[in-house]
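Atom set for the values below is all heavy atoms of this structure, side chains included, hydrogens, waters and symmetry mates excluded.
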Amino acid sequence: YTNGFRESYPPGEGTIAYSYDSYSDIIQARNQNDFLQTAWTSSQQGSWGKDDWNFIYNIEYFLDNFRNVPGLSEEVYDHYEGVARFWRAWHYFTKVQLFGAVPYYDYVIEPDDEGLYKARDSREYVCEKILEDLDFAAEHVSTDSQYLKVSKINRYVALFVKAKFCLWEGTFRKYHSVDPSTGLAWSSEYTSSEEFLRAACDACEELMEKSPFSLATGISAADRKSVYRSLFINEAINHQEVLWAREYNDGLNVWHNVTWYFCSGSMGQGWSLDSDFVAMYLKTDGSRVTDDADWKSMQYAEVFADRDYRLAQTVISPEYRKYNKAGLLVPTAPNFAVTGTGYQIIKWNIDNEAYEASKISNNSLPIMRYAEVLLNYAEAKAELGEMTDDVWDRTIRLLRERSGVNGAPRLPTTIWPTTTHSWTARRSPTRISSKCAASALSSLSRRATRIPTAGSTFCAGISATRLSSSGTASMFPR
């Protein structure tokens with residue numbers, strides 16, 4: 001029964017790779033969502049239809065009946081209860097992110113149930129129930145090997161979601177003085193902002209100290225230029241870092257369309273990073289490019305020189321290569337039929353033109369990675385005012401150094417100069433200049449190199465840095 005949850009409930013390729021960030025202020029897209037341009041009404045908002053709530057019946061039916069199966073140990077019963085409660089928490093977390101207060105049900109709803117017409121429960125009440133479910137799952141879901149490395153829910157996945165939820169809700173309450181669903185101050189009857197943030201830290205610490213996961217760093221220093229992106233573009237899941245992934249492969253005849261969407265001038269939205277976001281990638285010495293007087297007028301190749309290795313693993317750089325239809329590994333410039341800024345995203349793409357016109361991509365897509373555990377821990381500690389050099393060294397420093405950046409500079413105190421203006425002040429994103437584009441094209445017009453195509457997924461790489469845990473940041477690196 002719970003295998004049905006596994007088949008139906010995990011996020012799909014669009015949610016993982018592009019939908020969360022597709023209209024954020026770091027992204028230029030071909031079209032803008034009406035949400036950002038017009039008065040938005042409840043009739044336009046999705047995720048409230050009948051099919052968006054059927055998880056309640058499916059999960060509650062299981063919880064009402066699973067202990068009728070005879071002959072199992074209490075440990076096994078608790079594991080499956082934890083799996084079901086994990087999914088209930090997962091769905092309600094999504095609802096709270098979208099709507100705030102929602103009606104909460106923890107029983108099977110029949111067609112004539114008067115509860116179908118009840119008012120929304122408060123955000124505080126719903127979040128308390130989510131936390132109860134995640135606490136149970138994080139304690140009782142198994143860590144047995146049969147549940148690891150097979151895309152099943154295990155205790156480490158539950159701890160990851162608990163940390164993410166608690167960081168989300170803890171920071172929400174810290175920066176909102178009242179519960180928007182009631183207009184009243186947060187009640188002492190429920191978990192406080194600080195308690196949520198400490199729960200996030202506890203969950204992260206357990207993952208950092210007791211889980212089998214760690215950062216994938218490669219073997220040699222040269223691997224740092226490719227190991228990050230290798231997590232996203234290969235069929236095999238790197239279980240050293242990836243806690244949970246959506247598995248795709250030719251053997252199972254399961255494919256997705258992500259490469260097609262990011263490389264097509266018509267299928268996707270031509271998503272591109274803007275130059276303000278690109279400027280946030282540090283230089284390899286740990287300094288900020290925005291501290292340079294001429295950073296806004298750099299040539300295309302200069303943008304990538306001595307920068308965090310994740311930049312060239314996220315967007316097309318002067319060194320980027322991919323296979324053409326003739327099987328040649330060729331220098332490839334940004335395609336301005338796709339990108340509007342020149343910073344064309346490649347993070348999730350298979351570097352082969354054969355995958356750019358249909359739904360045949362076979363690279364598995366990570367949903368949860370150890371890198372985000374470190375970032376969640378660092379952010380929760382910072383929100384608590386407890387970001388110390390020790391916390392820095394256990395989290396941010398590791399992530400920077402994997403990306404070729406000097407991790408020694410600690411605890412920066414000045415705001416990024418490129419993030420002090422609002423999105424609405426920028427009607428159109430910053431684009432690399434035509435001179436930069438010409439430079440890009442000329443620098444890539446070298447002779448193609450013939451490489452055998454058998455098993456030749458071209459492996460470039462990326463690593464981990466994020467702006468906030470306020471959503472699943474999918475297009476940019478963590």
Side-chain angles (χ1 to χ4, degrees), residues 11-38 44 46 229 232-233 246 248 250 253-275 277-278 300 313-317 320-365 423 426-434 436-438 440-441 444-445 448 453 457-458 460 472-476:
E13 65 261 35
T15 301
I16 296 170
Y18 49 79
S19 66
Y20 277 126
D21 287 325
S22 57
Y23 298 108
S24 69
D25 61 356
I26 66 165
I27 294 293
Q28 184 269 346
R30 187 176 299 111
N31 298 304
Q32 286 300 331
N33 193 294
D34 286 347
F35 181 82
L36 300 175
Q37 301 184 89
T38 63
Q44 293 170 278
R229 187 162 175 251
F232 305 96
I233 64 172
R246 190 84 187 217
Y248 297 88
D250 292 333
N253 294 327
V254 180
W255 305 285
H256 61 80
N257 57 21
V258 172
T259 298
W260 186 14
Y261 268 60
F262 275 114
C263 294
S264 170
S266 57
M267 280 302 296
Q269 286 293 324
W271 301 291
S272 310
L273 294 184
D274 71 10
S275 65
F277 185 75
V278 169
Y300 179 75
Q313 299 174 79
T314 303
V315 298
I316 289 178
S317 73
Y320 180 65
R321 309 284 187 274
K322 72 177 175 182
Y323 292 99
N324 63 18
K325 293 178 181 178
L328 299 175
L329 186 63
V330 297
T332 305
N335 179 359
F336 282 93
V338 177
T339 176
T341 68
Y343 296 115
Q344 185 176 345
I345 297 167
I346 57 168
K347 175 178 174 178
W348 305 90
N349 299 2
I350 297 176
D351 300 315
N352 192 322
E353 289 183 356
Y355 293 85
E356 295 179 1
S358 59
K359 186 175 180 176
I360 59 172
S361 293
N362 61 354
N363 51 315
S364 293
L365 305 177
W423 182 87
R426 294 182 301 156
R427 292 292 181 181
S428 60
T430 311
R431 175 183 176 126
I432 63 175
S433 69
S434 58
C436 288
L441 293 168
L444 294 174
S445 61
T453 57
T457 300
F458 183 57
T472 301
S474 53
M475 291 187 185
F476 56 90

How about Trp271 and Tyr261: do any of their side-chain heavy atoms sit closer than 4.5 Å?
yes
inquiry  = Is the shortest side-chain heavy-atom distance between His256 and Leu365 below 4.5 Å?
reply    = yes
Phe232 vs Ile16, test: side-chain contact (heavy atoms from CB on, under 4.5 Å). Steps then yes/no. CA-CA 11 Å; Phe232 305 96; Ile16 296 170; over 6 Å; no
Between Gln32 and Gln37 (side chain of the first, backbone of the second, donor and acceptor by atom type, cut-off under 3.5 Å), is there such a pair? no
In Asn352, Thr332, Val330, the residue satisfying side-chain contact (heavy atoms from CB on, under 4.5 Å) with Asn324 is Val330
Those residues at least two apart in sequence (or on a different chain) that pass side-chain contact (heavy atoms from CB on, under 4.5 Å) with Asn253 are Trp255
Residues Ser22 and Ala29: closest non-hydrogen pair is O-CB, 3.9 Å
Contacts of Trp260 meeting side chain to side chain donor-acceptor pair (under 3.5 Å) (sequence neighbours excluded), chain-then-number -> none
Inset, instruction - Please report the C-alpha distance between Leu273 and Ile27 in whole Å, then the side-chain angles of each, then the deciding distance to 0.1 Å, and finally whether the side-chain contact (heavy atoms from CB on, under 4.5 Å) criterion is met. - result: CA-CA 5 Å; Leu273 294 184; Ile27 294 293; 3.7 Å; yes
Distance col, row Met267:CE vs Thr259:OG1, nearest 0.5 angstrom, shows 12.5 Å
Taken to the nearest 0.5 Å, the spacing of Cys263 SG from Gln344 CD works out to 6.0 Å
With heavy-atom distances below 4.5 Å as the criterion, would you say the side chains of Tyr355 and Asn362 are in contact?
yes
Value for NZ (Lys359) from OH (Tyr248), rounded to nearest 0.5 Å, stands at 7.0 Å
On a heavy-atom basis, the closest approach of Asn363 and Trp348 is ND2-O, 3.0 Å
Closest heavy-atom pair, Ile346 versus Val315, reported as atoms and distance to 0.1 Å, is CD1-O, 3.6 Å
d(Asp25 CG, Asp274 CG) to nearest 0.5 Å is 7.5 Å
In this structure, CZ of Arg321 is separated from CD1 of Ile316 (nearest 0.5 Å) by 11.5 Å
Heavy atoms of Gly340 and Ser272 approach each other most closely as N-OG, 3.3 Å
Between Arg30 and Val338 the two heavy atoms that sit nearest each other are NH2-O, 4.2 Å
Here the pair of heavy atoms bringing Thr341 nearest to Thr339 is N-OG1, 3.3 Å
Distance col, row Ser24:OG vs Asn33:CG, nearest 0.5 angstrom, shows 12.0 Å
Give the C-alpha distance, both sets of side-chain angles, the deciding distance and a yes or no for side-chain contact (heavy atoms from CB on, under 4.5 Å) between Gln269 and Tyr18.
CA-CA 10 Å; Gln269 286 293 324; Tyr18 49 79; over 6 Å; no
- Query: Given the rule in the side-chain contact (heavy atoms from CB on, under 4.5 Å) test, do Ser361 and Ile350 qualify, once you have shown the distances and angles that lead to the verdict?
  - Reply: CA-CA 7 Å; Ser361 293; Ile350 297 176; 4.0 Å; yes
